[in-house]
*Asks:* 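Below you'll find the structure I mean.
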Amino acid sequence: MENTQHDSRQQTTAVEQPAAGHGAAADAPDTGRRQQTATERRRRELLEAADRVVLRDGPDASMNAIAAEAGITKPILYRHFGDKGGLYRALAVRHTDALLDGLRAALDSPVPRRDRVEATLDTYLAAIETRPQVYRFLMHPSDEAPGADKDTGFDVGRHSAPLLRRLGEELAQVIGERLDLGPGGEELARVWGHGIVGMMHAAGDWWLRERPCSRAQLVQHLADLLWGRLAAAGDRLGGPGF
């Protein structure tokens, strides 16, 4: 009788152990996902702190100031972003994504083509006018005095070109998908995409510094400049239209 009870306990334990092992294996991915979510949330919080410093200091935003704003030490900031360049790139992606969302919404608005062109130009100009310090941080290096602490600003001059190229490629894709540009249309769409972004950037940069006219007037002038062949091009058959 005792041997039977002993065997029964062994069998129960043997059955329970694999179940426990299976549960532990199932818990591992959940733990990994929770850790990843926590890391992503912390990274987002640090980017929000960096945004606040950039809004205040523009291109002179420093890692020391951002770490202080976030209530952490600079090594922790480096742990999340690697270096100043890594933090800059993360902020650039954050703001470029938001700008692209706004540009796509303007391009998709259910209005005549000329109005969509003007809305797209105005979306870009409104973004740099509303947050000029963010724009200067992304597009202009800080002016460091000789011998100054190199952590006082970000070396953003070498990073701004990739942002403009990304905007140009995105706009080229939209143009290529929507307009029938005939033979060589893909190449022409890329020329137009990068040309329009270059025009918006150069004109917007000058306008933000000098304010020679209202934003609405600048939009009208730039749209007039663009309106030649763009007005004459037909929509691509079966496409969403431009």
Side-chain angles (χ1 to χ4, degrees), residues 31-105 123-171 194 197-198 200-211 215:
T31 301
R33 280 193 294 270
R34 284 196 297 270
Q35 290 174 340
Q36 182 179 6
T37 300
T39 300
E40 290 171 352
R41 183 172 61 250
R42 185 58 172 150
R43 184 181 172 90
R44 188 165 56 251
E45 291 169 353
L46 294 176
L47 286 173
E48 288 168 358
D51 263 344
R52 292 192 293 273
V53 174
V54 170
L55 283 171
R56 184 186 72 221
D57 298 341
D60 292 321
S62 69
M63 293 291 274
N64 283 329
I66 291 169
E69 177 69 25
I72 59 174
T73 60
K74 196 161 64 170
I76 294 176
L77 199 57
Y78 282 128
R79 190 183 310 156
H80 283 273
F81 299 101
D83 57 14
K84 289 189 291 186
L87 177 58
Y88 169 84
R89 287 188 292 273
L91 285 169
V93 167
R94 178 184 176 94
H95 288 286
T96 305
D97 285 348
L99 177 58
L100 284 169
D101 286 344
L103 295 176
R104 290 188 192 103
T123 296
Y124 176 84
L125 294 171
I128 68 174
E129 181 182 38
T130 303
R131 308 187 83 186
Q133 288 288 62
V134 172
Y135 168 77
R136 293 183 181 106
F137 172 82
L138 293 176
M139 294 299 177
H140 293 288
S142 63
D143 298 322
E144 293 180 345
D149 178 5
K150 293 302 179 184
D151 190 44
T152 57
F154 287 74
D155 179 17
V156 302
R158 64 190 176 92
H159 295 300
S160 57
L163 297 185
L164 296 174
R165 282 198 297 270
R166 182 185 173 198
L167 289 173
E169 288 295 332
E170 291 274 352
L171 185 54
H194 288 281
V197 167
M200 288 194 302
H201 170 60
D205 193 81
W206 162 76
W207 172 77
L208 196 62
R209 288 174 182 269
E210 297 191 14
R211 298 300 181 103
R215 195 176 85 215

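Since we're looking at a predicted model, the values are computed, not measured. Numbering starts at 1 and runs along the sequence shown.
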*Asks:* For Arg52, give me all partners under side-chain hydrogen bond (donor to acceptor under 3.5 Å, both in side chains), at least two apart in sequence or on another chain.
*Replies:*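 Glu69.
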
*Asks:* Hey, what do you get for OG1 (Thr39) to NE2 (His80), rounding to the nearest 0.5 Å?
*Replies:* 7.0 Å

*Asks:* Side-chain contact test, heavy atoms from C-beta onward, threshold under 4.5 Å: evaluate it for His95 versus Phe137 and give yes or no.
*Replies:*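 Answer no - side chains too far apart.
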
*Asks:* Quick check: closest heavy atoms across Leu47 and Ala90, and the distance to 0.1 Å?
*Replies:*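 Looking at all heavy atoms of both residues, the shortest contact is CD2-CB, 3.8 Å.
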
*Asks:* Which atoms form the tightest heavy-atom contact between Val54 and Ala61, and what is the distance?
*Replies:*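 Smallest interatomic distance, heavy atoms only, reads CG2-CB, 4.0 Å.
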
*Asks:* Is there a donor-acceptor contact under 3.5 Å from the side chain of Asp57 to the main chain of Asp60?
*Replies:* no

*Asks:* Please find the pair of heavy atoms, one from Ala67 and one from Thr73, that lie closest to each other, and give the distance.
*Replies:*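 It is CB-C, 4.0 Å.
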
*Asks:* Can a cation-pi geometry be assigned to Arg211 and Trp207, taking NZ or CZ under 6.0 Å from the six-membered ring centre and within 45° of the ring axis?
*Replies:* yes

*Asks:* Taking atom CG of Leu167 and atom OH of Tyr124, what is their separation to the nearest 0.5 Å?
*Replies:*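 If I round to the nearest 0.5 Å, the distance is 7.5 Å.
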
*Asks:* CG of Leu87 to CD1 of Ile66: how many Å apart, nearest 0.5 Å?
*Replies:*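 Between atom CG of Leu87 and atom CD1 of Ile66 there are 4.5 Å.
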
*Asks:* Heavy atoms only: give me the nearest Leu125-Gly204 pair and the separation to one decimal.
*Replies:*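 Looking at all heavy atoms of both residues, the closest pair is CD2-CA, 3.8 Å.
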
*Asks:* Does this structure show an ion pair linking Glu40 with Arg43, if we count only N-O contacts that are shorter than 4.0 Å?
*Replies:*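 Salt bridge absent between Glu40 and Arg43.
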
*Asks:* Taking atom CZ of Arg89 and atom CZ of Phe81, what is their separation to the nearest 0.5 Å?
*Replies:*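 That separation rounds to 11.5 Å.
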
*Asks:* Counting distance only, does the side-chain N/O of Arg131 pair as donor-acceptor with the main-chain N or O of Leu55 below 3.5 Å?
*Replies:*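 No: the side chain of Arg131 does not pair with the backbone of Leu55.
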
*Asks:* Shortest non-hydrogen contact from Ala92 to Leu163?
*Replies:*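 So the two residues come closest at CB-CD2, 3.6 Å.
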
*Asks:* What residues form a salt bridge (charged side-chain N to carboxylate O under 4.0 Å, His left out) with Glu48, not counting sequence neighbours?
*Replies:* none

*Asks:* Met139 versus Leu164: any side-chain heavy-atom pair under 4.5 Å?
*Replies:*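 With C-beta onward as the side chain, the pair touches.
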
*Asks:* What distance separates Arg42 CZ from Arg79 CZ, expressed to the nearest 0.5 Å?
*Replies:* 10.0 Å

*Asks:* Does any non-hydrogen side-chain atom of Glu129 lie less than 4.5 Å from one of Arg215?
*Replies:*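 Side chain of Arg215 against side chain of Glu129, heavy atoms only: contact under 4.5 Å found.
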
*Asks:* For Leu138, does its backbone N or O pair with a side-chain atom of Tyr88 as donor and acceptor, under 3.5 Å?
*Replies:* yes

*Asks:* Could you give the distance from CG (Leu171) to CE (Met200), rounded to the nearest 0.5 Å?
*Replies:* 6.5 Å

*Asks:* How would you list, by chain and number, every residue that makes a salt bridge (charged side-chain N to carboxylate O under 4.0 Å, His left out) with Arg104, sequence neighbours excluded?
*Replies:* Asp101, Glu170

*Asks:* Could you check if a side-chain atom of Arg136 sits within less than 4.5 angstrom of a side-chain atom of Ile128, using non-hydrogen atoms only?
*Replies:*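 A side-chain contact is absent here, since even the closest heavy-atom pair is not under 4.5 Å.
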
*Asks:* One pair to check against salt bridge (Lys or Arg N to Asp or Glu O under 4.0 Å): Asp97 and Arg166. What are the steps and the verdict?
*Replies:* CA-CA 10 Å; Asp97 285 348; Arg166 182 185 173 198; 2.5 Å; yes

